[in-house]
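One structure below.
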Amino acid sequence: MFVFSKLVWIFGQPLSLAFLFVLLAFIAVLLRWRATAIVSSLLSVLILFVSLYTTAGAYVVQGLEERFPHPAADPADLKCMIVLGGATQNEVTTARGGYELDSAGDRLIEALRLAQRYPQARIVISGGDGSIGGTYEGDAVISERFFTALGIPTSRMVEDKTSRTTFENAVNTKELLAQNGLSDCLLITSGFHMPRSMGIFRKQGIPVVPWPVDYRSTGKERLGFDFTQPSRNAQLLATGLREWVGLVGYYFVGRTSALYPGP
């Protein structure tokens, strides 16, 4: 299931689809299937245009981010927080050491801030190596180095070093919480990732408080054209569509509590 989901996304993301339609058009030309070649070419151009030169990606991501608003104030008390993996550059860190953060690094930054404010709080670090080959350091290992380097003792950390997906995050975390007598933790992950995460944790019967971070949209996005930042537009669309593929897929295999979980 894990490898299958990875392969589906490799070939199913927008830019991959655009390439596949170009390839199909080329084959159709060789076989003199004129109509197929034209349709495939037009579909490729359409996917590329929407991905690169519209705000569709930002708009989709914004909808996901707004599903669970960030609380207006810090909690009065905090006993534990769960930090989902995905915040580190595993390949780079494995090769160079240290704790290189990626675009979701706010997950660790926010957890560090809360850990400093609430010295009694435990940190559940969730995430193994999510690559197909399994040859890199996982998020939990790298996150531990990050926190200890910035003054958080390992005694405050609870680590899940084996999970590769959000579903495995939840399953392993449920066991770790029970072993350590922890409950009602904050769930820290990217805003766009929060609906799927909350649905999975609810399905596992784990009560958590959503604590979204790492916003990618302004909150005021509208559908339209944007010729100024094509690479960012394409990345946002890929991010948003990937979450929706995950939401739909997890719902149909019974891993989430609702198709589109909300507060």
Side-chain angles (χ1 to χ4, degrees), residues 58-88 101-127 139-140 143 146-147 150-152 156-160 163 166-167 169-170 172-174 176-178 180-221 236 239-240 243-244 246-247 250 256-263:
Y59 189 76
V60 172
V61 167
Q62 177 177 266
L64 293 164
E65 290 178 339
E66 296 299 307
R67 193 68 169 167
F68 285 89
H70 194 285
D74 285 348
D77 187 31
L78 181 62
K79 291 185 173 59
C80 62
M81 64 190 92
I82 302 165
V83 188
L84 296 187
T88 62
L101 306 185
D102 62 16
S103 55
D106 283 357
R107 301 182 190 184
L108 294 183
I109 300 298
E110 179 67 359
L112 175 64
R113 182 187 74 83
L114 292 170
Q116 292 173 335
R117 178 167 184 183
Y118 302 95
Q120 76 284 359
R122 304 287 300 278
I123 310 170
V124 181
I125 309 169
S126 185
D139 287 277
S143 298
F146 171 83
F147 285 121
L150 295 171
I152 306 300
R156 294 180 60 186
M157 301 177 206
V158 179
E159 300 177 27
D160 160 28
S163 60
T166 308
F167 174 71
N169 288 159
N172 293 351
T173 296
K174 182 176 183 178
L176 291 173
L177 293 178
N180 290 272
L182 302 173
S183 62
D184 300 308
C185 304
L186 296 188
L187 179 62
I188 302 176
T189 190
S190 302
F192 65 82
H193 187 234
M194 188 60 75
R196 183 156 60 102
S197 301
M198 286 298 296
I200 295 168
F201 273 74
R202 285 171 177 171
K203 186 70 174 182
Q204 290 294 317
I206 308 172
V208 290
V209 178
W211 201 264
V213 296
D214 175 37
Y215 289 95
R216 310 289 176 92
S217 71
T218 63
K220 301 177 182 179
E221 306 290 351
L236 285 173
T239 297
E243 279 306 305
W244 269 107
L247 281 166
Y250 273 28
T256 185
S257 61
L259 177 61
Y260 192 27

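With sequence neighbours excluded, the residues satisfying side chain to side chain contact (heavy atoms under 4.5 Å, CB included) with A111 are M81, V83, F147, I188. Applying the salt bridge (Lys or Arg N to Asp or Glu O under 4.0 Å) test to K174 and every residue at least two apart in sequence or in another chain returns nothing. Under the side chain to side chain contact (heavy atoms under 4.5 Å, CB included) criterion, D184 pairs with P207, sequence neighbours left out. By the salt bridge (Lys or Arg N to Asp or Glu O under 4.0 Å) test, R216 pairs with D214, sequence neighbours left out. Under the side chain to side chain contact (heavy atoms under 4.5 Å, CB included) criterion, R122 pairs with C80, V158, N180, L182, not counting sequence neighbours. The side chain to side chain donor-acceptor pair (under 3.5 Å) search around E65 returns S217, not counting sequence neighbours. Listed by chain and residue number, nothing satisfies the salt bridge (Lys or Arg N to Asp or Glu O under 4.0 Å) test with R202 (two or more places apart in sequence, or in another chain). Qualifying ring pair (Phe, Tyr, Trp, His ring centres under 6.0 Å) partners for Y260, counting only residues two or more places apart in sequence or in other chains: W244. Residues passing the side chain to side chain donor-acceptor pair (under 3.5 Å) test with Q204, sequence neighbours excluded: none. Remark: S197 pairs with H193 by the side chain to side chain donor-acceptor pair (under 3.5 Å) rule, at least two apart or across chains. Applying the side chain to side chain donor-acceptor pair (under 3.5 Å) criterion to N172, with sequence neighbours excluded, gives D160, T162. By the salt bridge (Lys or Arg N to Asp or Glu O under 4.0 Å) test, R107 pairs with no residue at all, sequence neighbours left out.
No side-chain heavy atom of T239 sits less than 4.5 Å from a side-chain heavy atom of L64. Counting heavy atoms from C-beta outward, L187 and L84 have side chains that approach closer than 4.5 Å. F146 is listed as a side-chain neighbour of L112, based on a closest heavy-atom distance under 4.5 Å. Using a 4.5 Å heavy-atom threshold, the side chains of L101 and I109 count as touching. Side-chain atoms of L186 and E110, non-hydrogen and from C-beta on, never get closer than 4.5 Å to each other.
Smallest separation of non-hydrogen atoms from A170 and I206: O-CD1, 3.3 Å.
More than 12 heavy atoms of other residues, nucleotides or ligands sit less than 6.0 Å from atom OH of Y118.
In this structure a side-chain-to-backbone donor-acceptor pair under 3.5 Å is present from Q62 to G219. In this structure a side-chain-to-backbone donor-acceptor pair under 3.5 Å is present from Q120 to L78. No donor-acceptor distance shorter than 3.5 angstrom exists from the side chain of S190 to the backbone of F192, with no hydrogens or angles considered.
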Inset, instruction - Take R113 and V213, measure what side chain to side chain contact (heavy atoms under 4.5 Å, CB included) needs, and give me the verdict at the end. - result: CA-CA 12 Å; R113 182 187 74 83; V213 296; over 6 Å; no

Legend entry - side chain to side chain contact (heavy atoms under 4.5 Å, CB included) between L177 and I82, worked out: CA-CA 10 Å; L177 293 178; I82 302 165; 4.2 Å; yes

Inset, instruction - Assess whether side chain to side chain contact (heavy atoms under 4.5 Å, CB included) is satisfied between V208 and M198, documenting all intermediate values. - result: CA-CA 8 Å; V208 290; M198 286 298 296; 3.7 Å; yes

